[in-house]
Amino acid sequence: MNAERDLSPLTPGVVRALTDKLYEKRKVAALEIEKLVREFVAQNNTSQIKHVIQILSQEFALSQHPHSRKGGLIGLAACSIALGKDSGLYLKELIEPVLTCFNDADSRLRYYACEALYNIVKVARGSVLPHFNVLFDGLSKLAADPDPNVKSGSELLDRLLKDIVTESNQFDLVGFIPLLRERIYSNNQYARQFIISWILVLESVPDINLLDYLPEILDGLFQILGDNSKEIRKIQLLACRWSLCPWPVELVLPFPSPLLVSCLADELIQLTAMCWMREFIQLAGRVMLPYSSGILTAVLPCLSYDDRKKNIKEVANVCNQSLMKLVIPEDDEMDEAKPSMTIPAEPTSEESLSRPEAVTAGEFQSELAVTLNQPLFFPRSCERIQVTLNLDGIVQVLDYHLSDTSIGMMTRIAVLKWLYHLYIKTPRKMFRHTDSLFPILLRTLSDESDEVILKDLELLAEIASSPAGQTEEGYGPSDGSDVRPGPVELHVPARPGQLSSSSTKGLECSPSTPTMNSYFYKFMINLLKRFSSERKLLEARGAFIIRQLCLLLNAENIFHSMADILLREEDLKFASTMVHTLNTILLTSSELFQLRNQLKDLKTPESRNLFCCLYRSWCHNPVTTVSLCFLTQNYKHAYDLIQKFGDLEVTVDFLTEVDKLVQLIECPIFT
């Protein structure tokens, strides 16, 4: 190569020095280049300036010889220093060859590339912003460089670039977001820290509204939360800080999908995602209803967490309660097949829930707790959003969690509360699902938890007494066949007097008792069927269940209908046992005090009608029949029945029943 011809205006001495292996000689050559370029600047000789940069780039920085590449890098930095404020006119030519050297296999050369680019950026300052993406891309690779010197050099350059972005109001956020979205999925710990540091910087700049683009990077943020590095704590604080910002409603809409996936990940991700979900529900209000089934899928299992995950459990509970409050009676009037109603997007201030204390484990507890417990600032928007309640999806999720035997007690209770709430707020639509829900609700009566059984009974009582459950609505049982399936069915032949959907005639009950809907009789039949197939349930919880139902429903209707059903029961042993259970409850339970008083006197046609109905079924058990006569003060008839006992076969069970009768006679009720 002819240096005088091909590399002019660089002198042969400068060329030799640039390719020398000694740094000091390359530095001397760089000073000469700086002096030369300054002269060209003074002469406004742009063509020569471009020529020098091209020579340093093509012949040196991109050379195959390592020392030549080092010389080219320091020469390009010298050009930038000489150009000063005019370096912005040549930044593309200055930056590109330096960035190429970022990929060099020689760690020393990568370090010199960092050094050269630092000097170029330091001189150009804000003029480098149009080239920010390529600079960011190069730095993101060096952030994970194995060489400590290269890493240290890249960190200096990174800090300089952050200072420039912070002090400028010309940063192109729109152009940067696609690159950030791509790089945020890096699995390298240091690359993740680099990404986090830039998100924190951009979020702190008043003129840069990163929140507008949060849906683009939200999923990646939660992916990063799975990192075990302590540095990741910063992203947790960032997430919490963003959750406290006023949000336009339209920004919330794209969020739930990645959030719901994140709620199923590890503990730290789960807590953060749950905190965000809490804020979205409270800020966006009913706009979140279309996501209800997904939110419940993520939230419900968290309600059964133990104290080791108390923080997640508390936030999940707030999410659950807030979401439940969004369901209103108007949702029962909206048909899913028709356009949805337009309703306010945000909740009122009265609907805002107090924030529970939320902390993470370990040393991060205090700083996160402080962040989470800052006051909320809710946006006040008069914008109205169209929302439709996806009841089918919600019921499907609730049914699944109630059917899953591995689900914890608090989750099952929450599911039952949800179903009860939906039957209260949207009874017309909920009764479309009753036939599919009924079997699992009956099975839940065998739950180990009394609290679960109580909630289940409350729900069944609501179903059995709601006016929306009448058959003329089209959602009740169509005939008797669906009520009595299976091998343990209770044989109740259809007859004109069975429960009518519009009156109490079917129960032969008096006008003084409330009318039950068509599901009441179905419930009574299936409850007795349950007791028949699960004798342990009858022995352990039978009295408890019936007593609670007498509080929740009309006690006279319950005894009237059960007596009517048992009258036709073919399993006589079960009928005798069930009658004995009902009789004991009638004679001893405080819940039946009013009914006992009604039967004592038999002064009204209604009370006499009830006695006759009970008497016919109580005849399944001789001793209970006598006790009913004692209760109703039919002493002469009781005397006649006792005389008939001599004609009966004396068995152990019979003697046990007689002993129980004697004990009853001596109890305060008969006294």
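Please read these numbers as outputs of a predicted model, since none were measured by experiment.
Heavy-atom neighbours of Gln396 CD from other residues, nucleotides or ligands within 6.0 Å: at or below the threshold of 12.
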Worksheet entry | Step-by-step side chain to side chain donor-acceptor pair (under 3.5 Å) determination, Asn209 to Asp212 | CA-CA 6 Å; Asn209 190 7; Asp212 288 345; 3.0 Å; yes
Item to complete: In sequence, state the C-alpha distance, the side-chain angles, and the governing distance for Asp331 and Arg286, and then conclude on salt bridge (Lys or Arg N to Asp or Glu O under 4.0 Å).
Response: CA-CA 11 Å; Asp331 290 316; Arg286 285 177 54 83; 2.7 Å; yes
Item to complete: Apply side-chain contact (heavy atoms from CB on, under 4.5 Å) to Leu398 and Leu300, showing your working.
Response: CA-CA 9 Å; Leu398 297 175; Leu300 287 173; 4.0 Å; yes
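Between His67 and His65, the ring planes lie tilted relative to each other; the angle falls in the 30° to 60° range.
Here the closest heavy-atom approach between residue Leu94 and residue Ile120 is recorded as O-CD1, 3.8 Å.
Counting heavy atoms from C-beta on, the side chains of Asn390 and Asp392 come closer than 4.5 Å. Counting heavy atoms from C-beta outward, Met288 and Phe280 have side chains that approach closer than 4.5 Å.
Aromatic rings of Phe194 and Phe136 (six-membered ring for Trp) have centroids within the 6.0 Å cut-off, being under it.
The side-chain contact (heavy atoms from CB on, under 4.5 Å) test with Val315 is passed by exactly one of Met277, Lys310, Gln270, Arg278: Arg278.
Rounded to the nearest 0.5 Å, atoms NE2 (His131) and CG (Leu99) are 10.5 Å apart. For the atom pair Glu155 CD and Cys114 SG, the distance stands at 10.0 Å (nearest 0.5 Å). To the nearest 0.5 Å, atoms CZ (Arg159) and OG1 (Thr166) are separated by 13.0 Å.
A donor-acceptor pair shorter than 3.5 Å cannot be found between the side chains of Ser80 and Lys122. A donor and an acceptor atom, one from each side chain of Asn44 and Thr46, are nowhere located under 3.5 Å apart.
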